[in-house]
2 protein chains.
Amino acid sequence: MDFLSGLELMIDSYQGKEQIFGVNLNPAIVRLSCEEGCVKVIEMARRLGVTADTVRFYTRIKILKPGKNKANGYREYSEKDYNRLRFVLSARQLGFSVEDIQEILNHADKKKSPCPTVRRLIDQRLHETERQLRETLKLRDRMQQAVLEWSQKPDKAPTGHMLCHLIEEFTAEERL
Amino acid sequence: MDFLSGLELMIDSYQGKEQIFGVNLNPAIVRLSCEEGCVKVIEMARRLGVTADTVRFYTRIKILKPGKNKANGYREYSEKDYNRLRFVLSARQLGFSVEDIQEILNHADKKKSPCPTVRRLIDQRLHETERQLRETLKLRDRMQQAVLEWSQKPDKAPTGHMLCHLIEEFTAEERL
DNA sequence: CTTGACCTGTGTCTTGGACACAGGTGTAAG
DNA sequence: CTTACACCTGTGTCCAAGACACAGGTCAAG
C-alpha cells in the first residue's frame with residue numbers, strides 16, 4: 001500500500017488497528033495532527049499512560065527511533081514505535097533495567113530469539129529483587145522496633161558524647 | 001587538661017577511651033601517626049568499618065569537620081568526629097537519609113533536643129519503607145510468576161508485532 | 001633517591017526518568 | 001496581523017549515597 005496516497009484510506013486502516021496502536025483513538029485528532037499514521041510525542045505518551053518526558057527519554061537513548069517531519073523537525077512516532085515502547089514498559093514492570101531491555105532488543109532487532117537472554121536476565125534480577133526484599137524487610141522491622149521502644153522514652157537534650165539517645169541507645173541494644 | 005602537653009599522658013587517657021574511640025586501638029600506631037589524639041582518614045574509616053571514601057564523603061558535605069594539619073594539610077579526625085560518624089552510621093541503619101541526619105545534627109549542635117525531629121522523620125521514613133516493601137514484594141511475585149509460566153514455554157523468534165512473546169504474553173495475561 | 005603507601009580536593013559515574021530552558025512551530029481569537 | 005498559548009525540539013542538570021578516578025603533595029623505609 002502506498003503510504004503517501006489517500007489520507008482517508010490511511011485513517012481507515014489506522015482505525016482498524018485501534019486496539020494495537022493506542023486507546024481512545026479519536027479520528028479527528030489523527031486527521032488534524034498527523035499524516036502517514038504517525039503521532040507526536042504527547043499523543044504517544046497519552047496512549048501508553050506515560051509522560052512525554054518518558055517518551056523523549058527512550059528516544060534520547062535510541063531505544064525509540066522515530067522519524068522526523070522534514071518541515072518542522074517534529075518527531076513522528078509510528079505503530080512500530082508504539083509496539084516497541086509498550087514492550088519496554090512491560091519489561092520494566094518485570095524488573096528489567098533499561099540496559100537489559102537494550103540487550104533484549106538487540107537480539108530481537110537481529111531477528112534472533114531474545115528468549116534465552118530474557119530467561120537469564122530475569123533469573124539475575126529476581127535474585128537481586130529477593131535480596132532487596134530481605135533488606136527492606138529487615139529495615140522495616142528495625143524501624144518498627146525503634147518506634148515501639150522510643151514510645152516509652154522521653155526526649156533528651158544532647159550531651160557531650162550522646163547526640164541523640166534514642167538512636168544511639170537503640171543501636172547499642174540491637175548491636176548494629 | 002592541656003592537650004598540647006605530655007604525649008604519654010594523652011595516650012593513656014586515649015587508651016582509657018578505647019571502647020568509645022574505636023576498636024583494636026594500637027598505642028604504637030597512635031604514637032606514630034598522630035598527635036593530639038587525632039587520626040587520619042583511613043584509620044577513622046577502619047575503626048568504623050567503612051571505606052575512606054565514606055569518611056571523605058561526610059567530610060565533603062560538612063557533616064564531619066575535622067581539623068587540618070597545618071604542616072601537610074592532612075585531615076585530623078578527633079574523638080568528636082568519631083562519635084559523630086558513628087551516630088551518622090547508626091542513623092543510616094535506621095533508614096534516615098543524609099539530609100534527615102543533617103537536620104537532626106543541626107538541632108543537636110544547637111544543644112536542642114533532636115528527639116521530636118527524629119520521631120517525626122522516622123514515622124515518615126517508615127511509611128516510605130512500607131510502601132517500598134509492598135512494591136518490592138509485588139514485583140518479586142510478578143517475577144516469580146513469570147519465571148514459572150515461562151518454564152512451560154518455548155523460545156520463539158520475534159515477529160513483526162511481537163518482540164518477545166514471553167514478556168508480551170505475560171503482560172497481556174496479567175493485565176499490566 | 002626512589003618506591004610505594006598514604007594523603008588532598010575535585011570531578012564524574014551510577015538509575016530512570018523529571019524538570020528547566022532557550023528557541024522554533026502551529027493555531028485560534030482579537 | 002498580532003498576540004497568546006500550547007505544543008515541539010535538543011540539551012543540560014538534578015536526584016542518593018557514596019564509589020571511583022585523577023593529578024599532585026607527603027612521608028617513611030630501603
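Naming convention: chains lettered A, B, ... in sequence-line order (proteins, then strands); numbering from 1 in each chain. Computed from a predicted model, the values in this text were never measured in an experiment.
- A salt bridge links B:E43 and B:R47; the closest N-O separation between the charged side-chain nitrogens and carboxylate oxygens is under 4.0 Å.
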| field | Worked check of side-chain hydrogen bond (donor to acceptor under 3.5 Å, both in side chains) between B:Q144 and A:E130 | value | CA-CA 10 Å; B:Q144 280 184 339; A:E130 281 170 338; 3.2 Å; yes

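- B:M44 places its CE atom 16 Å from the C1' atom of C:dC7, with the value rounded to the nearest Å.
- For B:T51, a side-chain nitrogen or oxygen approaches OP1 or OP2 of D:dA19 to under 4.0 Å.
- Atom CD of A:E43 is separated from atom C1' of D:dA6 by 15 Å (rounded to the nearest Å).
- Of the candidates C:dG17, C:dT8, D:dG18, D:dG18 carries the atom nearest the B:V98 side chain, counting heavy atoms from C-beta on.
- For B:R75, the side-chain atoms get nearest to C:dG9 when compared with the rest of C:dG26, C:dG17, C:dG9.
- As rounded to whole Å, 13 Å separates atom P of D:dA16 from atom CD1 of B:I101.
- Of the N and O atoms on the side chains of B:E128 and B:Q132, not one donor lies less than 3.5 Å from an acceptor on the other residue.
- Checked for salt-bridge contact, A:R131 and A:E135 meet the test: a charged N lies under 4.0 Å from a carboxylate O.
- If you take CG of B:L94 and P of D:dA17, they are 14 Å apart, rounded to a whole angstrom.
- A:E174 and B:Q93 share no donor-acceptor pair across their side chains, judged by distance under 3.5 Å alone.
- Overall, the helix from C:dC1-D:dG30 to C:dG30-D:dC1 carries an axis bend of 40° between its ends, with five pairs at each end and the value rounded to 10°.
- Taking atom CD on B:E99 and atom P on D:dC14, their separation rounds to 15 Å, with Å as the unit.
- Rounded to a whole Å, the CZ atom of B:R92 is 9 Å from the C1' atom of D:dG18.
- Judged by distance alone, the side chains of A:Q145 and A:E173 never bring a donor and an acceptor atom under 3.5 Å apart.
- Between the C1' atom of C:dG16 and the CZ atom of A:R125 lies a distance of 13 Å, rounded to the nearest Å.
- Between A:S97 and A:R125, the side chains place a donor N or O and an acceptor N or O closer than 3.5 Å (distance only, hydrogens not considered).
- In this structure, the nucleotide among C:dA18, C:dC7, D:dT26 sitting nearest to the side chain of B:V41 is C:dC7.
- Across the protein-nucleic acid pair, A:I42 atom CD1 and D:dC7 atom P stand 5 Å apart, rounded to whole Å.
- Remark: A:D53, A:T54, A:F57, A:Y58, A:R60 in residues 52-71 of chain A come within less than 4.0 Å of DNA chain C through at least one heavy atom.
- Sorted by first and then second residue, the salt bridge (charged side-chain N to carboxylate O under 4.0 Å, His left out) pairs with a member in residues 53-71 of chain B form an empty list; sequence neighbours excluded.
- A donor-acceptor contact under 3.5 Å is not formed by the side chain of A:Y74 with the base of C:dG26.
- In this model, the phosphate group of C:dT8 is not approached by any side-chain N or O of B:N72 to a distance below 4.0 Å at OP1 or OP2.
- In summary, A:R120 and A:D100 do not engage in a salt bridge, as defined by a charged side-chain N under 4.0 Å from a carboxylate O.
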